[in-house]
Amino acid sequence: MKVKKDNQPIIMFDGICNVCNHWVQFVIKRDPKGIFKFLSLQSDLACSLITDHTLNNKQLDSIILIDKDQIYTESTAILHIINKLTGPIRFFVLFWIIPKKIRDKVYRFIAKNRYRFFGEKESCLVPSKEIQSRFIKTETESGKTDE
């Protein structure tokens, strides 16, 4: 499997989680320059990237940000993403002052209960034509596209 290296930050997310899908839509609306690319954690490419970066299974319950070969998970990923967005949401970067242990504990509580609190979809998000270019398409060895 190949992915084009364009040095854009990649946000990997749970494609069947309602809160994760809303987060992706939220980021897209506040990222007018199209800085971020998106990849479902359910994709083969995401599994490969997770293995390549030696992430463990607990991080599969996390938004994962890959930015310039750095990996960020949980609350740290969210704060790095917010820092690159536009609008009043940037106020929340002030949460950096909260110790990581506390931020991540809150993040893990929400992640653990996300399906119970927010529900889940039957299948992964299918992006509209307007935002399709923001989602990473992977190519299998046969040259077919796997979304």
Side-chain angles (χ1 to χ4, degrees), residues 1-93 95-96 100 103-104 106-147:
M1 235 177 264
K2 299 175 185 175
V3 65
K4 182 183 164 196
K5 289 270 189 179
D6 57 10
N7 291 325
Q8 284 184 278
I10 299 170
I11 298 173
M12 294 193 293
F13 66 100
D14 181 348
I16 61 170
C17 169
N18 283 331
V19 75
C20 300
N21 283 294
H22 287 295
W23 171 251
V24 167
Q25 297 296 327
F26 180 88
V27 169
I28 288 170
K29 287 179 185 170
R30 286 152 186 85
D31 178 22
K33 294 180 182 175
I35 295 169
F36 294 105
K37 291 284 190 173
F38 301 91
L39 180 63
S40 169
L41 283 169
Q42 285 79 10
S43 71
D44 291 340
L45 178 58
C47 291
S48 177
L49 288 170
I50 287 166
T51 301
D52 290 349
H53 290 90
T54 61
L55 294 170
N56 61 42
N57 285 341
K58 101 176 164 111
Q59 288 151 324
L60 296 179
D61 276 347
S62 175
I63 294 283
I64 299 172
L65 173 66
I66 300 176
D67 190 5
K68 297 180 181 134
D69 290 326
Q70 293 290 314
I71 305 294
Y72 304 101
T73 61
E74 299 178 326
S75 67
T76 303
I78 298 294
L79 291 172
H80 275 279
I81 293 165
I82 287 172
N83 194 44
K84 294 184 181 207
L85 299 179
T86 60
I89 188 65
R90 296 212 47 211
F91 168 79
F92 287 98
V93 296
F95 283 115
W96 279 116
K100 183 179 181 336
R103 289 191 330 253
D104 283 349
V106 171
Y107 183 97
R108 282 193 285 282
F109 174 78
I110 294 168
K112 181 180 176 183
N113 295 289
R114 68 189 184 276
Y115 297 137
R116 189 165 39 133
F117 293 162
F118 305 104
E120 63 184 293
K121 296 183 176 298
E122 293 289 321
S123 61
C124 290
L125 169 74
V126 176
S128 67
K129 288 185 180 193
E130 295 81 27
I131 61 171
Q132 250 177 359
S133 65
R134 304 290 301 277
F135 290 78
I136 296 174
K137 293 181 183 179
T138 59
E139 292 179 27
T140 61
E141 291 179 14
S142 65
K144 293 182 181 175
T145 300
D146 176 29
E147 295 183 89

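In this chain, numbering begins with 1 at the start of the sequence shown. Worth saying up front: this structure is predicted, and the values here are computed from it rather than measured. Hydrogens, waters and symmetry mates play no part in the numbers below; they use all other heavy atoms, side chains included.
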| query | Got a sec, which residues hit ring pair (Phe, Tyr, Trp, His ring centres under 6.0 Å) with Y107, two or more places apart in sequence or on another chain? | reply | none
| query | Looking at side-chain heavy atoms only, is the closest gap between F13 and N21 below 4.5 Å? | reply | yes
| field | Contact summary for I35 and P9, nearest pair of heavy atoms | value | O-CD, 3.3 Å
| SG-CG distance between C20 and L41, expressed to the nearest 0.5 angstrom | 8.0 Å
| message | Pair T73, I63 - check side-chain contact (heavy atoms from CB on, under 4.5 Å), show working. | response | CA-CA 6 Å; T73 61; I63 294 283; over 6 Å; no
Give every donor-acceptor pair under 3.5 Å between a side-chain atom in residues 78-85 and any protein atom, sequence neighbours left out.
residue	atom	partner	partner atom	Å
N83	OD1	R90	NH2	3.1
K84	NZ	D67	OD2	2.6

| remark: Taken in chain and number order and not counting sequence neighbours, the residues that satisfy side chain to side chain donor-acceptor pair (under 3.5 Å) with K29 are none
| side chain to side chain donor-acceptor pair (under 3.5 Å) with R30: which residues, sequence neighbours excluded? | none
| query | Which class fits the ring pair F38 and F36: parallel under 30°, tilted 30 to 60°, perpendicular over 60°? | reply | tilted
| What heavy-atom pair brings T86 and P32 nearest, and what distance separates the two atoms? | OG1-CD, 3.8 Å
| side-chain contact (heavy atoms from CB on, under 4.5 Å) between L65 and I10, worked out | CA-CA 6 Å; L65 173 66; I10 299 170; over 6 Å; no
| task | Under the salt bridge (charged side-chain N to carboxylate O under 4.0 Å, His left out) rule, collect the residues that match up with K100, sequence neighbours excluded. | result | D104
| Presence of salt bridge, R108 and E74, under 4.0 angstrom | yes
| Is any side-chain heavy atom of R103 closer than 4.5 Å to a side-chain heavy atom of T76? | yes
| message | Using side-chain heavy atoms (C-beta onward) and a distance below 4.5 Å, is Q42 in contact with D14? | response | yes
| field | Exercise: identify the closest heavy-atom pair between I11 and V27 | value | CD1-CG1, 4.1 Å
| query | Once you round to the nearest 0.5 Å, how far does OG of S75 lie from CH2 of W96? | reply | 7.5 Å
| Where do S40 and A46 come nearest, in terms of heavy atoms and distance? | O-CB, 3.2 Å
